[in-house]
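Contents: one structure, followed by commentary.
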Amino acid sequence: MKNEEFIELNKKGWNELIMSNKPFANTILPEYGPFLKRNEDEIQLMPNLKNMKVLDLGCGEGESLEYLYKKGASEIWGIDISEEQIKKAQKRFPLFKDNFYVSPMEKEIDIPNNYFDYIISIFSIGYTSDLLSSLKNAYKYLKSDGSIIISWTHPFYYCLDIVDEKVIIHKSYFNEDSEIITKGPDKVNLAQKNLMISTIINTAKDAGFYVDTILEEETVLKDDVNGYKSVFWKKEKTVNCPSTLIIKFKKIIN
């Protein structure tokens, strides 16, 4: 799938999901992923947010930013591919409405460079068509001592399925091809990439980052995600594999 096709499919899909007003599995801070026993209140990847400037790549409706703002962040900014989500984020934050942009994260936009203390990407990085471009943009936006925190479905979790009540490996871990998934009760099509851990780390290195922290957290055994019953997130799988990969990268100072 070409990058532009990938972007257009996700733009259309996310707008459709939001306009449907139907629930779907969604991850927002303080949660880093489905079923995790610990959240940001315990993990503390951003221990001091007072007077900090934060940018969210794939900000959705601004829910994660709301959590950070209440924790003391002085400025919040957001980028999302969906106009419908940005409208809701601007409504949530009228004071910062001019800080929200409709754009895919892989496209560099006209926002301040060397400005942000933290960039977050909570369950959105796999929806980029170009990981390197997205991380290079993040590098430009961050201060010299800034950090980017990424959470995404654990790559090995994607390899698991349940057949006849048994957990099996149904997909190669090495397969990083773009794929079409469905989300929500209406099975809206979205494009995503299941990237190996080494790919994420090495691409971040190429963009100018080094690893500060990697977490593969223990899970709580249940089947619903924020009240939404998912066919993908299953407790039988999380017994065998973390649901979520969390990586905090620091900007390399040249």
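When a residue number appears, it is its place in the shown sequence, counting from 1.
Residues Asn194 and Asn175 are not in side-chain contact: their nearest non-hydrogen atoms beyond the backbone lie 4.5 Å or more apart. For the pair Ile169/Phe156, a side-chain contact is recorded, criterion being any heavy-atom separation below 4.5 Å from C-beta on. At a threshold of 4.5 Å between non-hydrogen side-chain atoms, the residues Leu190 and Leu17 count as touching. At least one side-chain heavy atom of Met46 sits under 4.5 Å from a side-chain heavy atom of Leu68. Taking 4.5 Å as the limit, some side-chain heavy atom of Ile197 sits within range of a side-chain heavy atom of Tyr173. Between Leu195 and Thr203, the closest side-chain pair of non-hydrogen atoms is not below 4.5 Å. Taking the side chain as every heavy atom from C-beta outward, Ile201 and Ile247 approach each other to under 4.5 Å.
Distance check, rounded to the nearest 0.5 Å: CD1 of Ile150 to CD1 of Ile200 gives 7.0 Å. The NZ atom of Lys183 sits 15.5 Å away from atom NZ of Lys22, with the distance rounded to the nearest 0.5 Å. Note that CD1 of Ile120 is 5.0 Å distant from CG of Leu29, once rounded to the nearest 0.5 Å. Phe249 contributes atom CZ, which lies 10.5 Å from atom OG of Ser121 (distance to the nearest 0.5 angstrom). One distance of note links CG of Leu215 with NE2 of His154; it measures 11.0 Å at 0.5 Å rounding. Separation of atoms CG (Leu45) and CD1 (Ile246) is listed at 6.5 Å; rounding is to 0.5 Å.
The shortest non-hydrogen separation linking Ile162 to Val167 is CG1-CG2, 4.3 Å. Contact record, Lys251 with Lys140: NZ-O, 4.5 Å, taken as the closest heavy-atom pair. Nearest heavy atom pair, residue Ala89 against residue Gly62, reads CB-N, 4.0 Å. The shortest heavy-atom contact between Thr219 and Pro34 is CG2-O, 4.4 Å. Heavy-atom minimum distance, Asn137 versus Met105: ND2-O, 3.1 Å. Of all heavy-atom pairs between Lys143 and Asn114, the closest is CG-O, 3.7 Å.
Listed for the Glu42 side chain is a donor-acceptor partner under 3.5 Å among the backbone atoms of Asn39. A donor-acceptor pair is defined here as one N or O able to donate and one able to accept, closer than 3.5 Å; no such pair exists between the side chain of Ser243 and the backbone of Thr238. No donor-acceptor distance shorter than 3.5 angstrom exists from the side chain of Asn189 to the backbone of Leu9, with no hydrogens or angles considered. Counting only distance, with no hydrogens or angles, the side chain of Lys250 and the backbone of Asp145 share a donor-acceptor pair below 3.5 Å. Distance alone, capped at 3.5 Å, places no donor-acceptor pair between the Asp186 side chain and the Val188 backbone. A donor-acceptor pair under 3.5 Å is formed between the side chain of Gln44 and the backbone N or O of Asp41. Remark: side-chain polar atoms of Asn51 are not paired, donor with acceptor, to backbone N or O of Ser74 under 3.5 angstrom.
Under a hydrophobic clustering in which Ile, Leu, Val, Met, Phe, Trp and Tyr are joined whenever their side-chain heavy atoms come within less than 4.5 Å, directly or via other members, Trp152 and Leu36 fall into different clusters. Linking ILVMFWY residues whenever their side-chain heavy atoms come closer than 4.5 Å, directly or via other members, places Tyr118 and Leu65 in the same cluster. Hydrophobic clustering keeps Leu55 apart from Phe93 (ILVMFWY residues linked when any side-chain heavy atoms are closer than 4.5 Å, directly or through intermediates). Under the 4.5 Å side-chain heavy-atom criterion for ILVMFWY residues, a single connected hydrophobic cluster contains both Ile7 and Ile125. When hydrophobic clusters are built by joining Ile, Leu, Val, Met, Phe, Trp and Tyr residues whose side-chain heavy atoms come closer than 4.5 Å, directly or via intermediates, Val211 is grouped together with Leu135.
Checked by atom type, the side-chain pair Asn15/Ser82 shows a donor-acceptor distance below 3.5 Å. Looking at Gln192 and Tyr158, their side chains do bring a donor and an acceptor atom within 3.5 Å of each other. Defined by atom type and a distance below 3.5 Å, a donor-acceptor pair is present between the side-chain atoms of Thr128 and Ser134.
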> Would Asn3 and Glu106 count as a side chain to side chain contact (heavy atoms under 4.5 Å, CB included) if you check the C-alpha gap in whole Å, the side-chain angles of each, and the deciding distance to 0.1 Å?
Replying inline: CA-CA 10 Å; Asn3 285 5; Glu106 50 268 59; over 6 Å; no
> Between Glu61 and Ile18, is a side chain to side chain contact (heavy atoms under 4.5 Å, CB included) present by the stated rule, with each step listed?
Replying inline: CA-CA 9 Å; Glu61 299 177 19; Ile18 301 308; 3.8 Å; yes
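The list of salt bridge (Lys or Arg N to Asp or Glu O under 4.0 Å) pairs with a residue in residues 188-217, not counting sequence neighbours, reads Arg38-Glu217. Annotation: salt bridge (Lys or Arg N to Asp or Glu O under 4.0 Å) contacts involving residues 48-60, sequence neighbours excluded, are absent.
Within a 6.0 Å sphere centred on CD1 of Ile109, other residues, nucleotides and ligands contribute more than 12 heavy atoms. A 6.0 Å sphere centred on NZ of Lys91 holds no more than 12 heavy atoms belonging to other residues, nucleotides or ligands. Atom CG of Asp110 has 12 or fewer neighbouring heavy atoms from other residues, nucleotides or ligands inside a 6.0 Å radius. Within a 6.0 Å radius of CD in Glu176, more than 12 heavy atoms belonging to other residues, nucleotides or ligands are found.
In this view, Phe6 satisfies the ring-ring contact (aromatic ring centres under 6.0 Å, His included) rule with no residue, not counting sequence neighbours. Qualifying ring-ring contact (aromatic ring centres under 6.0 Å, His included) partners for Tyr141, counting only residues two or more places apart in sequence or in other chains: none. A search for ring-ring contact (aromatic ring centres under 6.0 Å, His included) contacts involving Tyr32 returns nothing, not counting sequence neighbours.
Between Glu4 and Lys107, at least one side-chain N (NZ, or NE/NH1/NH2) sits under 4.0 Å from a carboxylate O, which counts as a salt bridge. Ion pairing between a basic and an acidic side chain is recognised when a charged N comes within 4.0 Å of a carboxylate O; Glu66 and Lys70 show such pairing. Between Glu84 and Lys87, at least one side-chain N (NZ, or NE/NH1/NH2) sits under 4.0 Å from a carboxylate O, which counts as a salt bridge.
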Side-chain atoms of residues 96-103: list all donor-acceptor pairs with protein atoms under 3.5 Å, sequence neighbours left out, distances to 0.1 Å.
from	atom 1	to	atom 2	distance (Å)
Asn99	ND2	Ile76	O	3.2

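Note on ring orientation: taking the six-membered ring where Trp is involved, the planes of Tyr115 and Trp77 are perpendicular (angle over 60°, cut-offs 30° and 60°).
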